[in-house]
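Quick notes on the structure that follows.
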Amino acid sequence: NSNILFRMEIRDLLWSDPYSDTGCALNNLRGGGALFGADVTKHLLESHDFDLLVRSHQSKKEGFEYTHNGKVLTVFSASNYYGINSNLGAYVKLSGGRRPHCVQFQAKRSGKGLTMSQQVSSVEECALRELREKLVGSKEKLIEEYKKRDDGLTGLISIEDWVAVNLAVTGLSVPWRLLRGHLVQMRFAKVDYLSGFALSNGCGTRLNK
């Protein structure tokens with residue numbers, strides 16, 4: 001019915017992201033919406049006689065990012081989204097006919113005005129550090145199992161396979177899917193499983209390889 005269609009449209013608006021490939025694909029990283037390429041952006045803009053697609057709902061390190069040959073502008077206004085100094089926030093100033101001007105900012109380090117998730121970030125960082133150390137301690141076995149699920153030895157596996165391997169090897173029933181952004185990098189909606197062994201541990205040092 002119309003209510004279901006409306007909910008589907010809202011879901012797609014919230015969870016669809018630009019990516020470097022062409023066409024469309026399921027957005028498995030988000031669990032909803034789609035990934036769309038530069039060709040889709042071009043068709044959309046030309047169909048409606050638009051010059052630029054401005055979107056949000058996706059964290060960016062610098063607070064904003066241009067993709068698709070400058071035709072898509074992602075703006076994210078929540079600085080410190082994953083913790084203090086994790087990212088800048090930004091907003092856009094539009095002036096008729098001129099290129100959008102992005103203004104970056106950083107919220108104060110004080111806990112006042114921060115969300116609850118930001119206020120407990122230091123505690124989360126300690127827990128994440130311990131989890132990363134657990135993964136590094138099982139590095140050889142993890143990589144062995146990751147490669148079994150990587151048919152082309154591309155260095156990439158699905159989120160589902162990454163979660164299954166981590167659970168089987170470490171025996172830890174933690175929310176792997178939710179924590180993936182803190183533990184590994186994503187490429188083409190898949191997990192770059194080797195990246196997890198080179199990410200910062202959040203305390204100014206790097207994990208041993």
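Keep in mind that the numbers below use all heavy atoms, side chains included, and drop hydrogens, waters and symmetry copies. Only a predicted model underlies this, so the values are computations on that prediction, with no experimental measurement involved.
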Next item on the list: Take Leu45 and Leu52 through the side-chain contact (heavy atoms from CB on, under 4.5 Å) test and state the conclusion after the steps.
Entry: CA-CA 7 Å; Leu45 296 179; Leu52 179 70; 5.7 Å; no

Notebook entry, point to check: Should Val184 and Trp176 be marked as a side-chain contact (heavy atoms from CB on, under 4.5 Å) after you check the CA-CA gap, both sets of side-chain angles, and the distance that decides it?
Noted result: CA-CA 10 Å; Val184 290; Trp176 295 106; over 6 Å; no

Note to self: Are His57 and Phe76 an aromatic pair, judged by ring center distance below 6.0 Å?
What the structure shows: no

Between [X] and [Y] (side chain of the first, backbone of the second, donor and acceptor by atom type, cut-off under 3.5 Å), is there such a pair?
X      : Y      : value
Asn27  : Trp15  : yes
Gln106 : Ser79  : no
His68  : Ser20  : no
Ser195 : Asp192 : yes
Asp150 : Gly155 : yes
Arg55  : Ser16  : yes

Notebook entry, point to check: Within a radius of less than 6.0 Å around CG of Asn3, do more than 12 heavy atoms belonging to other residues, nucleotides or ligands occur?
Noted result: yes

Notebook entry, point to check: What do you reckon, is OH of Tyr66 surrounded by more than 12 foreign heavy atoms closer than 6.0 Å?
Noted result: yes

Checklist line | Heavy-atom closest pair, residues Leu73 and Phe64 | finding: CD1-CD1, 4.0 Å

Next item on the list: With sequence neighbours left out, write down each residue that passes side-chain contact (heavy atoms from CB on, under 4.5 Å) with Tyr91, or none if nothing qualifies.
Entry: Lys93, Val103, Phe105

Check: Is NZ or CZ of Lys139 both nearer than 6.0 Å to the six-membered ring centre of Phe197 and within 45° of the ring axis?
Finding: yes

Check: In terms of side-chain heavy atoms, does Asn87 have a donor or acceptor partner in Asn80 at a distance below 3.5 Å?
Finding: no

Margin query: Could you check whether Tyr193 and Asp161, counting side-chain N and O atoms only, form a donor-acceptor pair closer than 3.5 Å?
Written below: no

Check: Using 30° and 60° as the class limits, which term best fits the ring planes of His48 and Phe50: parallel, tilted or perpendicular?
Finding: parallel

Note to self: Check this for me: does any side-chain nitrogen of one of Arg149 and Glu145 sit under 4.0 Å from a carboxylate oxygen of the other?
What the structure shows: no

Next item on the list: Decide side-chain contact (heavy atoms from CB on, under 4.5 Å) for Leu172 and Leu167; before the verdict, give the C-alpha distance in whole Å, the side-chain angles of both, and the deciding distance to 0.1 Å.
Entry: CA-CA 6 Å; Leu172 298 176; Leu167 178 59; 5.9 Å; no

